[in-house]
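First up is the structure itself, then whatever we jot down about it.
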2 protein chains.
Amino acid sequence: MSMVLDTQNGSDVTAEPAGVIPAEAARAPATLHDELLAALRDYIVEGNLDDGARIPERLLCDRFGISRTPLREALKVLAAEGLIELLPNRGARVRALSADDLRELFDVMGGLEALAGRLACERVSDADVAEIERVHHDMYRFYLRREMHDYFRCNQDIHRMIVEAAGNAVLSATYASFAGRIRRVRYSANLATDRDRWGEAMREHEAILDALRRRAGSELSDLLFQHLRNKRKAAQAEAKG
Amino acid sequence: MSMVLDTQNGSDVTAEPAGVIPAEAARAPATLHDELLAALRDYIVEGNLDDGARIPERLLCDRFGISRTPLREALKVLAAEGLIELLPNRGARVRALSADDLRELFDVMGGLEALAGRLACERVSDADVAEIERVHHDMYRFYLRREMHDYFRCNQDIHRMIVEAAGNAVLSATYASFAGRIRRVRYSANLATDRDRWGEAMREHEAILDALRRRAGSELSDLLFQHLRNKRKAAQAEAKG
DNA sequence: AAAGACAAAAATGAATGCAATTTATGCCGA
DNA sequence: TCGGCATAAATTGCATTCATTTTTGTCTTT
């Protein structure tokens with residue numbers, strides 16, 4: 001249970017309500033603000049608010065049990081991240097992603113993954129490659145069995161592992177930020193229904209893994225970018241169909 | 001005059017103290033917060049605050065003539081951008097970039113430029129290429145005359161033009177954000193003293209322009225990444241020497 | 001004299017209050 | 001009945017206030 005949800009206003013902090021985890025339990029003595037920020041981000045990413053709908057501050061304050069000041073601070077940060085937009089004197093609304101926005105975001109994700117692949121080839125260990133191969137083979141099994149959900153999870157894991165293998169914290173953070181932004185539509189951007197695309201994606205992953213094994217950075221970079229490109233195109237076709 | 005400077009609290013509308021930071025003229029009277037955010041960002045990027053030094057909120061409030069609430073909102077955003085760090089209960093300080101931070105930032109910039117080159121090849125017009133070539137030739141003249149400052153300006157322009165040619169607003173914004181983060185050290189990361197590196201950089205730019213002319217996206221992508229890599233290495237050597 | 005302890009002062013985190021802008025409601029006239 | 005306008009309610013932006021934590025300064029003790 002999160003502090004954000006349980007903490008009440010400062011006037012009566014004498015007895016904590018039942019069910020509250022002692023503040024000390026929070027391993028990181030994170031400030032209330034940071035916790036709220038994370039909670040609010042999840043809340044939005046998970047789609048609890050409608051696209052473009054108004055978000056009265058008061059409502060969120062009540063929901064999270066805090067006053068407007070820390071909430072507004074969090075909103076400013078989320079606006080800077082591009083998750084919501086703040087209209088002067090007219091409140092916050094969830095930023096609806098246009099087709100162009102999606103195209104741009106996918107391409108930037110592709111660029112970041114391309115970079116990750118390039119960097120990973122410079123420093124990835126054989127053990128790391130083996131680990132990625134293991135997940136790849138798991139994924140292949142799920143592909144054969146048409147177990148979409150598990151396949152998808154492995155897929156995400158592989159991409160994340162490549163990004164981590166790059167050993168660049170700035171890259172990881174940036175990648176995570178963009179991943180959050182498109183998460184709302186990512187599931188719909190799925191290749192669940194398109195079997196041809198699914199098989200193609202598997203072949204692309206084979207090539208990606210092969211390039212990684214050979215530490216062919218530049219080649220892997222191209223492959224990852226194209227892989228994301230194709231994923232985007234599939235998603236767009238899906239959206240239209 | 002700017003809203004930031006003119007707005008005073010109700011009780012004390014006396015003349016402003018000398019030495020107040022002149023914020024930008026209110027071209028967009030959008031919101032006080034945005035204006036403050038931009039002003040504060042510039043203020044930090046331009047190095048008006050020492051690395052790692054404490055930044056008392058009160059000082060900044062006085063300097064910008066506002067109360068703590070909007071200031072703190074801006075600080076949260078700047079912290080999210082990575083420009084400053086916020087220690088719980090211990091205020092904000094300018095984030096000092098370690099050697100590792102710089103390595104990571106340069107590599108991410110390289111990845112973004114590589115992406116920009118790839119995208120630019122897909123959609124750049126002949127006129128745009130011609131425009132870039134023009135600046136390139138200007139730059140070459142400055143190189144021959146050893147006019148470092150103008151050379152540097154052209155160099156920056158070319159990189160910016162390639163990013164713009166990619167036609168991806170998300171990429172442009174991301175690139176600009178990272179550029180701001182390393183701007184504090186960018187000038188020191190200069191090739192002013194290293195003539196060999198300077199000539200090498202010119203040759204790299206020739207190759208970059210050639211790849212762009214041929215719309216060789218993948219090749220241009222590699223060239224741009226390596227160009228940034230080399231720039232980083234030169235900067236690191238500079239810093240050590 | 002140096003180190004530690006205690007108290008005062010300052011700074012931060014969060015809540016509340018107030019003025020200004022926006023949105024909603026009701027009234028009037030066509 | 002519908003549209004325009006005036007007023008009221010709600011919402012936002014910012015300032016101020018309060019409580020807690022950190023820092024500073026002084027005094028005591030060894």
Side-chain angles (χ1 to χ4, degrees), chain A residues 2-14 16 22-24 26 28-40 49 52-80 84-93, chain B residues 2-14 16 23 26 28-40 49 52-80 84-93:
Chain A
S2 144
M3 278 177 61
V4 172
L5 295 172
D6 295 330
T7 301
Q8 298 296 329
N9 59 36
S11 52
D12 60 344
V13 278
T14 52
E16 291 181 285
E24 175 260 336
T31 67
L32 172 63
H33 166 89
D34 284 334
E35 207 173 337
L36 169 69
L37 182 59
L40 194 56
L49 299 170
R54 267 193 88 164
I55 314 169
E57 293 177 358
R58 212 42 169 295
L59 178 79
L60 292 175
C61 287
D62 293 345
R63 222 182 267 292
F64 289 94
I66 50 156
S67 79
R68 284 176 56 217
T69 304
L71 177 83
R72 286 173 54 78
E73 288 171 355
L75 289 179
K76 300 283 185 191
V77 173
L78 293 178
I84 62 175
E85 52 189 350
L86 253 37
L87 290 75
N89 288 316
R90 301 178 60 192
R93 40 196 77 197
Chain B
S2 133
M3 284 174 58
V4 173
L5 293 173
D6 292 334
T7 302
Q8 296 289 338
N9 57 39
S11 54
D12 174 25
V13 203
T14 58
E16 294 169 29
T31 71
L32 173 63
H33 166 89
D34 285 335
E35 207 174 335
L36 170 68
L37 181 59
L40 194 56
L49 298 170
R54 251 188 112 154
I55 314 171
E57 293 178 358
R58 212 40 168 300
L59 178 78
L60 292 175
C61 288
D62 293 344
R63 236 187 253 294
F64 288 93
I66 51 158
S67 81
R68 285 177 57 217
T69 306
L71 177 83
R72 287 173 55 79
E73 289 172 355
L75 288 178
K76 300 282 186 192
V77 173
L78 293 178
I84 63 175
E85 53 189 351
L86 254 37
L87 289 75
N89 288 314
R90 301 181 61 190
R93 42 197 74 198

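Below, chains carry the letters A, B, ... as their sequence lines are ordered, and counting in each starts from 1.
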So how far is it from Arg90(A) CZ to Glu85(A) CD, rounded to the nearest 0.5 Å?
10.5 Å
Heavy-atom nearest pair, Leu37(B) first then Ala74(B), reads CD1-O, 3.7 Å
Quick check for you: to the nearest 0.5 Å, what is the distance between Arg72(B) atom CZ and Glu73(A) atom CD?
5.0 Å
If you only use heavy atoms from C-beta on, which nucleotide in dG13(D), dA15(D), dA14(C) is closest to the side chain of Ser67(B)?
dA15(D)
Using a cutoff of under 3.5 Å, can you pull out all pairs of nitrogen or oxygen atoms linking the protein to nucleotides 7-11 of chain C, with atom names and distances?
| residue | atom | partner | partner atom | Å |
| --- | --- | --- | --- | --- |
| dA11(C) | O3' | Arg54(B) | NH2 | 3.4 |

Round to a whole Å and report the spacing from CG of Leu86(A) to P of dT22(C).
15 Å
Measure CG/Leu75(A) against P/dC14(D) and give the value in whole Å, please.
14 Å
Distance check needed: dT21(D) C1' versus His33(A) NE2, whole Å only.
18 Å
Looking only at heavy atoms, what is the nearest atom pair of Ala80(A) and Val77(B), with distance?
CB-CG1, 3.7 Å
Hey, what do you get for CG (Leu71(B)) to CD1 (Ile66(B)), rounding to the nearest 0.5 Å?
5.0 Å
Whole-Å gap separating C1' (dC14(D)) and CG (Leu37(B))
16 Å
Nearest heavy-atom contact between Ala79(B) and Leu86(B) is CB-CD2, 4.0 Å
Return the value, rounded to whole Å, for the distance between atom CG of Asp62(A) and atom P of dT11(D).
11 Å
Whole angstrom is fine here: how far is it from CG in Leu59(A) over to C1' in dA10(D)?
14 Å
Steps toward side-chain contact (heavy atoms from CB on, under 4.5 Å) verdict (Leu75(A), Leu40(A))
CA-CA 8 Å; Leu75(A) 289 179; Leu40(A) 194 56; 3.9 Å; yes
State, yes or no, whether a side-chain contact exists between His33(B) and Lys76(A) at a heavy-atom distance under 4.5 Å.
yes
Measure from CD on Glu35(B) to C1' on dG13(D) and round the result to the nearest Å.
14 Å
5' precedence on DNA chain C between Ile55(B) and Thr69(B) (nearest-nucleotide basis):
Ile55(B)
Would you give the length of the straight line joining atom CD1 of Ile55(B) to atom CG of Leu49(B), rounded to the nearest 0.5 angstrom?
5.0 Å
Arg72(A) CZ to dT16(C) P: how many Å, rounded?
16 Å
I'd like a table of atom pairs between the protein and nucleotides 17-21 of chain C - only N or O on both sides, under 3.5 Å - with the distance next to each one.
none

